[in-house]
Amino acid sequence: MSFRNSFAAARAFALVSFLALSGFLASSGPASALTAAATVRDANSIQLGDVTYRLDGVDAPELDQVCIDDHADPWTCGIEARDQLAKLINKRSVRCDDVGPEKSFGKRHRAICTAEGDKVSLNEQLVKLGYAIAREPIKANVKAAAADAKTASAGIWKGCFVAPQEFRMGKKDGTLLGAACRADRDKEIRAALFPEELTMPPSCSIKGKLAVRARVTGNIGIYHLRGCPSYPATTKPDRWFCSEDDAQAAGFRKAYNCRRPK
């Protein structure tokens, strides 16, 4: 084989190898869409494999959030909202189209997610059922669904609640929402929505406390794990979390005495 032919063959091999490697790198990077069996973390979050998405345009009650129902009784609306999302999925595969990073929740991304066989996204369905309120979307269009739910007093709108974002921040003077809110019972309603001792949701034993000192590290609070010296001393937690990932996504950092020595 001549030098020219050898050089041409080597160049062709290098080009093919480069394209193959480029294809591998592209396929190994984050996908813009993912379809898989879904695990519902809460009414805001769906996990596909090892990726957790937040539903774009949706803000649902947290698992430890309390609402007032249409009979003026407290109820665990966050757990029911999660269960409603699980019912919508009904063990089907889910496709989540990534629409961009969620700046307020760690490294998670927002997505528009649709269960196999459905034409309407889970984002829109959950809002229309009244188990989530609309939040500023990147791409999801749930404005009409939100208006329908409010008009029909569906889901949490039948009672009285504060926006999930205000609950997360511990904003006890936040705006009351829902058909059952009464100005003459404002104090009693707020006491029910922000009880002195939040009930721990099942399997969610991580304690969170809002703390000004946490702001030094860009957080809003500190979380404490079972077995940490600070855990038994942390009474009346402001939040309960099911995993460290959930706590960190909500803006809480781990208590320093929970960290292993180097």
For this session: Would you list the pairs meeting side chain to side chain donor-acceptor pair (under 3.5 Å) in which at least one residue belongs to residues 212-223, sequence neighbours left out?
Result: T217-N219, Y223-E244, Y223-Q248
For this session: Using the test side chain to side chain contact (heavy atoms under 4.5 Å, CB included), find all partners of K139 that sit at least two apart in sequence or belong to another chain.
Result: D56, V99, I112
Exercise. Does E102 come within less than 4.0 Å of R54, counting only side-chain N to carboxylate O?
Worked result: yes
Problem set entry | Within residues 191-204 or reaching into it, pairs that qualify as salt bridge (charged side-chain N to carboxylate O under 4.0 Å, His left out) - sequence neighbours excluded | E196-K236
For this session: In sequence, state the C-alpha distance, the side-chain angles, and the governing distance for D64 and T199, and then conclude on side chain to side chain contact (heavy atoms under 4.5 Å, CB included).
Result: CA-CA 7 Å; D64 53 348; T199 300; over 6 Å; no
Problem set entry | Charged N-O contact under 4.0 Å between K158 and D69 | no
Exercise. Residues in salt bridge (charged side-chain N to carboxylate O under 4.0 Å, His left out) with D42, at least two apart?
Worked result: none
Exercise. For D238, which residues count as a salt bridge (charged side-chain N to carboxylate O under 4.0 Å, His left out) partner, sequence neighbours excluded?
Worked result: none
Exercise. Does R182 have any salt bridge (charged side-chain N to carboxylate O under 4.0 Å, His left out) partners at least two apart in sequence or in another chain, and if so, which?
Worked result: D184
Exercise. With side chains defined as the heavy atoms from C-beta onward, is the minimum distance between K143 and E124 less than 4.5 Å?
Worked result: no
For this session: List in chain and number order the residues that pass side chain to side chain contact (heavy atoms under 4.5 Å, CB included) with C204, two or more places apart in sequence or in another chain; answer none if no residue qualifies.
Result: L63, P201, C242
Exercise. Do I220 and L225 belong together in a cluster built from hydrophobic side chains that touch within less than 4.5 Å?
Worked result: yes
Exercise. What pairs of residues pass the side chain to side chain donor-acceptor pair (under 3.5 Å) test when at least one of them lies in residues 72-84, not counting sequence neighbours?
Worked result: E80-Y131
Problem set entry | Derivation of the disulfide (SG to SG under 2.5 Å) call for C258 and C228 | CA-CA 5 Å; C258 284; C228 297; 2.1 Å; yes
For this session: Give the intermediate values and the outcome of salt bridge (Lys or Arg N to Asp or Glu O under 4.0 Å) for residues R110 and D97.
Result: CA-CA 8 Å; R110 292 201 213 175; D97 292 282; over 6 Å; no
For this session: Please check if the side chain of D98 supplies one atom and the backbone of A111 the other of a donor-acceptor pair under 3.5 Å.
Result: no
Exercise. Does the pair L34 and V94 meet the rule for a side chain to side chain contact (heavy atoms under 4.5 Å, CB included), with working shown?
Worked result: CA-CA 8 Å; L34 181 62; V94 172; over 6 Å; no
Problem set entry | Pair listing, side chain to side chain donor-acceptor pair (under 3.5 Å) test, anchored in residues 160-174, at least two apart | D59-R168, E62-R168
For this session: Evaluate side chain to side chain contact (heavy atoms under 4.5 Å, CB included) for T52 paired with R41, printing each intermediate quantity in order.
Result: CA-CA 8 Å; T52 300; R41 297 284 291 270; 3.2 Å; yes
Exercise. Tell me, which pairs form a side chain to side chain donor-acceptor pair (under 3.5 Å) where one or both residues lie in residues 144-153, sequence neighbours left out?
Worked result: none
Exercise. Pairs in or reaching into residues 150-201: which pass ring pair (Phe, Tyr, Trp, His ring centres under 6.0 Å), with residues at least two apart or in two chains?
Worked result: W157-F161
Exercise. What pairs of residues pass the salt bridge (charged side-chain N to carboxylate O under 4.0 Å, His left out) test when at least one of them lies in residues 114-123, not counting sequence neighbours?
Worked result: R92-D118
